[in-house]
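Structure, as structure tokens:
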Amino acid sequence: MKTCPAGPGVVDKDITTLYQMLEQLRRIQSEALDELSKVESLRELEFWRVRYLGKKSALIQILRSLATLPAEERPRTGMQANKVKNSLESGLREKEELLQQAVVAPHLDVQRLDVTLPGRPFPSGGLHPVTKALDEICSVFRNMGFQVVEGPEVEWEYYNFEALNIPQHHPARDRFATLWIDADGRKDSRLLRTHTSPMQIRFMERERPPIRMIAPGRVYRYEATDATHESVFFMVEGLAVDRSITMADLKGTLLEFCRCLFGDERQVRFRCDYFPFVEPGMEVAIQCLVCDGDGCRLCSHSGWIEILGAGMVHPDVLARVGIDPTVYSGFAFGLGVERIPMLRYGIDDIRLFYSNDLRFLKQF
Ligand code: DAH
């Protein structure tokens with residue numbers, strides 16, 4: 001491309017024809033705008049202004065010399081020169097605005113960017129409140145050295161009952177309204193596990209002491225649902241087997257668990273209870289979170305809310321999986337997971353967790 005021989009500051013006296021004049025204007029414009037795009041400060045912008053729009057600039061001189069042009073060349077040249085001048089002036093104003101913005105808010109890009117525009121919402125899912133409770137429970141026990149294992153939801157009668165000291169016709173089977181897959185109650189039948197306790201047996205068949213494990217998972221009961229009962233819900237089983245494990249270990253572990261979940265102040269109560277696979281067995285309750293023990297509807301005016309069953313693993317259970325009960329002892333516990341968020345957040349109907357109403361689920 002040819003450049004203006006005398007430079008942009010001086011009018012080229014040789015330019016006589018209309019064509020050359022228009023060509024020079026075009027070059028001035030493209031050079032000026034090109035230079036303008038490289039300007040990075042108000043100071044540079046002032047130099048640019050003097051160079052391209054100042055009194056001595058080529059453009060202004062052309063405009064001044066219009067009168068000396070032959071009459072037929074004047075209108076076209078005048079119009080073109082004014083167009084160029086307007087475009088340089090508006091470029092100047094825009095640049096000035098941008099640079100001033102950058103001085104006021106230097107962290108913003110020099111580009112035109114409306115930072116007040118709200119961002120486009122990015123729809124992201126969240127964890128289900130029961131999943132969150134499960135994660136929290138697992139992490140508390142993991143910190144105490146327990147490993148997390150999972151097992152089948154379709155279970156053999158043997159693991160769900162027989163191996164846990166609940167033989168056929170044992171009255172404790174009435175506690176578990178069972179969904180059978182094969183013939184009711186018979187040996188070698190399959191069922192939907194009614195609790196996570198079968199994982200105690202499965203784990204001890206596979207592993208030798210020392211054992212510290214928890215087994216979270218879904219369990220099933222053949223029951224009508226109501227505000228406190230679901231036919232499908234979650235439990236977490238716990239098991240520790242080692243030399244000289246005592247009730248003190250069990251109480252200490254569960255106390256720590258309750259402290260982590262419900263805070264240091266919350267009272268914890270241990271009372272005798274019966275489960276065929278532990279001896280002695282117990283029930284653990286915490287002081288009601290709603291009335292702090294004074295008695296209310298939630299705690300049936302007792303001031304306490306039962307949260308789990310536990311006990312020392314029955315020697316027959318240990319012997320059945322080939323662990324010598326004269327050498328080893330252990331404790332076990334099982335807790336219902338939904339109860340925990342229900343107590344914490346005052347949720348009064350367990351069915352809310354599984355009715356898939358986003359207005360409920362989004363709150364957690
Ligand atoms: N499996 C029992 C239930 O579903 C809960 C339970 C009680 C588990 C005592 C245990 C235990 O491990 O020791 O009601």
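Start at 1 and go down the list; that is how both ligands and their atoms are numbered. Numbering of residues begins at 1 and proceeds along the displayed sequence.
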Phe333, portion touching ligand 1 at heavy-atom distance under 4.0 Å: backbone

Arg351 atom CZ, neighbour heavy-atom count above 12 within 6.0 Å: yes

Side-chain donor/acceptor of Glu44 to backbone N/O of Glu40, under 3.5 Å: yes

Where ligand 1 meets Gln200 - atom numbers and elements under 4.0 angstrom, heavy-atom basis: 12 (O)

Atoms of ligand 1 close to Ser197 [distance to a heavy atom under 4.0 angstrom, numbered from 1]: 1 (N), 8 (C)

N-O pairing of Glu89 and Arg93 below 4.0 Å: no

Shortest protein contact, atom 11 (C) of ligand 1 (heavy atom only): Phe277 CE1, 3.4 Å

Ion pair Arg266/Asp292, N-O distance below 4.0 Å: yes

Other residues, nucleotides, ligands: >12 heavy atoms within 6.0 Å of Asp188 CG: no

Geometric N/O contact His195 with ligand 1, under 3.5 angstrom: yes

Nearest non-hydrogen protein atom, atom 12 (O) of ligand 1: Glu237 OE2, 2.6 Å

Stacked cation flag Arg193 on Tyr220, 6.0 angstrom / 45 deg: no

Atoms of ligand 1, numbered as shown, that sit under 4.0 Å from any heavy atom of Ala332: 12 (O), 13 (O)

Whether His195 and Phe161 hold their rings parallel, tilted or perpendicular, with breakpoints at 30° and 60°: tilted

Heavy atom of the protein closest to atom 8 (C) of ligand 1 (residue, atom name, distance): Gly334 N, 3.4 Å

Atom 4 (O) of ligand 1: nearest protein contact (heavy atom, Å): Arg221 NH2, 3.1 Å

Where ligand 1 meets Met235 - atom numbers and elements under 4.0 angstrom, heavy-atom basis: 3 (C), 4 (O)

Atom indices of ligand 1, in the order listed, that fall short of 4.0 Å to a heavy atom of Gly311: 13 (O)

Proximal atoms of ligand 1 relative to Phe176 (non-hydrogen, under 4.0 Å): 3 (C), 4 (O)

Donor-acceptor contact below 3.5 Å, side chain Arg269 vs main chain Ala285: no

